[in-house]
Amino acid sequence: MGRQVIQLNSRLIRFIQNQKIFFVATAMEEGRVNLSPKGLDSLRVVDKRSVLWLNLTGSGNETAIHLQNTNRITLMFCAFEGDPMILRLYGRAISHKKGTEFWQKNISLFPNIAGSRQLVDVDIEKVQISCGMGVPLMEFKEERQSLIDWAEKQGEKGLEKYWKRKNSKSIDGHPDTFD
């Protein structure tokens with residue numbers, strides 16, 4: 001099962017900061033579990049009990065819609081280089097849309113990335129550390145620029161139209177009710 005603690009320490013914070021990819025999982029009380037890989041420079045450790053994640057425009061909006069219903073979230077980090085480790089952050093989260101007071105207060109922690117749509121504020125309730133010996137060793141080549149290029153091409157108005165057309169319902173048909 002691994003070792004469980006209630007907060008991050010300096011070693012775990014450094015581990016998170018060195019990762020090029022992490023995974024986010026959310027679910028409503030019924031329906032599908034959403035699990036998505038995340039990259040780019042989109043995660044900040046705020047303190048030992050909280051992280052902020054900059055959610056970028058994607059093909060869906062599952063995380064934000066799920067968090068409106070039940071605020072459970074899990075973030076997972078895997079060591080693909082160096083010593084093996086899997087780190088899971090279990091907690092509760094709130095999604096703050098672009099332009100809200102929370103957004104305005106915290107967006108400066110991140111680079112300006114086209115397609116940014118929400119800040120997800122995660123309150124860590126439990127941290128689990130496991131061996132990760134079954135995770136393959138992989139060499140990082142580079143970040144993909146495709147998502148940013150696509151979002152820049154859309155422009156703000158194009159992104160807003162896309163969000164209404166493609167991101168207003170979950171795959172289970174639940175509406176985005178946050179205004």
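Side-chain atoms are counted along with the backbone in the values below, which use heavy atoms only and exclude waters and symmetry mates.
When the side chains of ILVMFWY residues are joined at heavy-atom separations under 4.5 Å, either directly or via intervening members, Phe23 and Leu87 end up in two distinct hydrophobic clusters. Note on Ile73 and Leu35: separate hydrophobic clusters, where clusters join Ile, Leu, Val, Met, Phe, Trp and Tyr whose side-chain heavy atoms are under 4.5 Å apart, directly or indirectly. The cluster map of Ile, Leu, Val, Met, Phe, Trp and Tyr, joined by side-chain heavy atoms under 4.5 Å apart, puts Leu12 and Val24 in the same cluster. Cluster membership check: Leu119 does not share its hydrophobic cluster with Val51, using side-chain heavy-atom separations under 4.5 Å among Ile, Leu, Val, Met, Phe, Trp and Tyr. Taking hydrophobic clusters as Ile, Leu, Val, Met, Phe, Trp and Tyr residues chained together by side-chain heavy-atom distances below 4.5 Å, Leu56 shares a cluster with Ile148.
Taking the ring centroids of Trp53 and Phe110, they lie at or beyond the 6.0 Å cut-off.
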**Asked** Can you check side-chain hydrogen bond (donor to acceptor under 3.5 Å, both in side chains) on Thr70 and Glu29, steps first, answer last?
**Response** CA-CA 7 Å; Thr70 179; Glu29 291 179 20; 5.1 Å; no
**Item:** side-chain contact (heavy atoms from CB on, under 4.5 Å) between Arg49 and Ile6, worked out
**Value:** CA-CA 8 Å; Arg49 298 291 302 267; Ile6 60 168; 4.3 Å; yes
**Request:** Quick one: do Leu67 and Ile94 satisfy side-chain contact (heavy atoms from CB on, under 4.5 Å)? Show the steps, please.
**Result:** CA-CA 6 Å; Leu67 292 176; Ile94 299 171; over 6 Å; no
**Request:** Using the side-chain contact (heavy atoms from CB on, under 4.5 Å) rule, take Arg72 and Thr26 through it: C-alpha gap first, then chi angles, then the decisive distance, then the call.
**Result:** CA-CA 6 Å; Arg72 297 174 302 149; Thr26 57; over 6 Å; no
**Request:** Evaluate the side-chain hydrogen bond (donor to acceptor under 3.5 Å, both in side chains) criterion for residues Ser36 and Asn34: first the C-alpha distance (whole Å), next the side-chain angles of each, then the deciding distance (0.1 Å), finally the verdict.
**Result:** CA-CA 7 Å; Ser36 297; Asn34 185 62; 3.2 Å; yes
**Request:** Output, in order, the C-alpha distance, side-chain angles, deciding distance and verdict of side-chain contact (heavy atoms from CB on, under 4.5 Å) for Phe77 and Ile86.
**Result:** CA-CA 6 Å; Phe77 306 83; Ile86 298 171; over 6 Å; no
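Surrounding CD of Glu101 are at most 12 heavy atoms belonging to other residues, nucleotides or ligands under 6.0 Å away. When the shell of 6.0 Å around CZ of Arg165 is examined, it contains more than 12 heavy atoms from other residues, nucleotides or ligands.
To the nearest 0.5 Å, the span separating CG on Leu147 from CD1 on Ile113 amounts to 9.0 Å. A distance of 10.0 Å separates CG of Leu89 from CZ of Phe22, quoted to the nearest 0.5 Å. If you take CE on Met85 and OG on Ser130, they are separated by 9.5 Å, rounding to the nearest 0.5 Å. Between Ile21 atom CD1 and Phe140 atom CZ the span is 10.0 Å, to the nearest 0.5 Å. Interatomic distance, Lys126 NZ to Gln7 CD, rounded to the nearest 0.5 Å: 14.0 Å. Atom-to-atom distance recorded for Leu54:CG and Lys38:NZ is 10.5 Å, nearest 0.5 angstrom.
Put simply, the side chain of Leu43 does not reach to within 4.5 Å of the side chain of Leu52, judged on heavy atoms. Using a 4.5 Å heavy-atom cutoff, the side chains of Glu62 and Ile171 are in contact.
A donor-acceptor pair is defined here as one N or O able to donate and one able to accept, closer than 3.5 Å; no such pair exists between the side chain of Asp172 and the backbone of His174. Between the side chain of Gln128 and the backbone N or O of Arg3, no donor-acceptor pair lies under 3.5 Å. With Arg92 contributing its side chain and Asp123 its backbone, the two residues share no donor-acceptor pair below 3.5 Å. Checking side-chain atoms of Gln4 against main-chain N and O of Val127 turns up no donor-acceptor pair under 3.5 Å. Between the side chain of Thr57 and the backbone N or O of Gly115, at least one donor-acceptor pair lies under 3.5 Å. Checked by atom type and distance alone, the side chain of Arg117 never pairs as donor or acceptor with a backbone atom of Lys97 at under 3.5 Å. Although no hydrogens or angles enter the test, the distance criterion places no donor-acceptor pair under 3.5 Å between the side chain of Glu125 and the main chain of Tyr90. With hydrogens and angles ignored, the 3.5 Å screen pairs a side-chain donor or acceptor of Asn167 with a backbone N or O of Gly58.
Residue Ala64 comes nearest to Ser95 through the heavy atom pair CB-OG, 3.8 Å, listed as atom of the first residue, atom of the second, then distance. Between Gln68 and Asp176, the closest heavy-atom pair is NE2-OD1, 2.6 Å. Here the closest non-hydrogen pair linking Gly82 and Leu137 is O-CD2, 4.0 Å.
Between Asp47 and Arg44, no side-chain nitrogen of the basic residue sits less than 4.0 Å from a carboxylate oxygen of the acidic one, so the salt-bridge criterion is not met.
No option in Lys166, Gln118, Lys169 other than Gln118 meets the side chain to side chain donor-acceptor pair (under 3.5 Å) test with Asn61.
Using cut-offs of 30° and 60° for the angle between ring planes, the His96 and Phe102 rings count as parallel.
Residues in residues 152-161 take part in these salt bridge (charged side-chain N to carboxylate O under 4.0 Å, His left out) pairs, two or more places apart or across chains: Lys98-Glu156.
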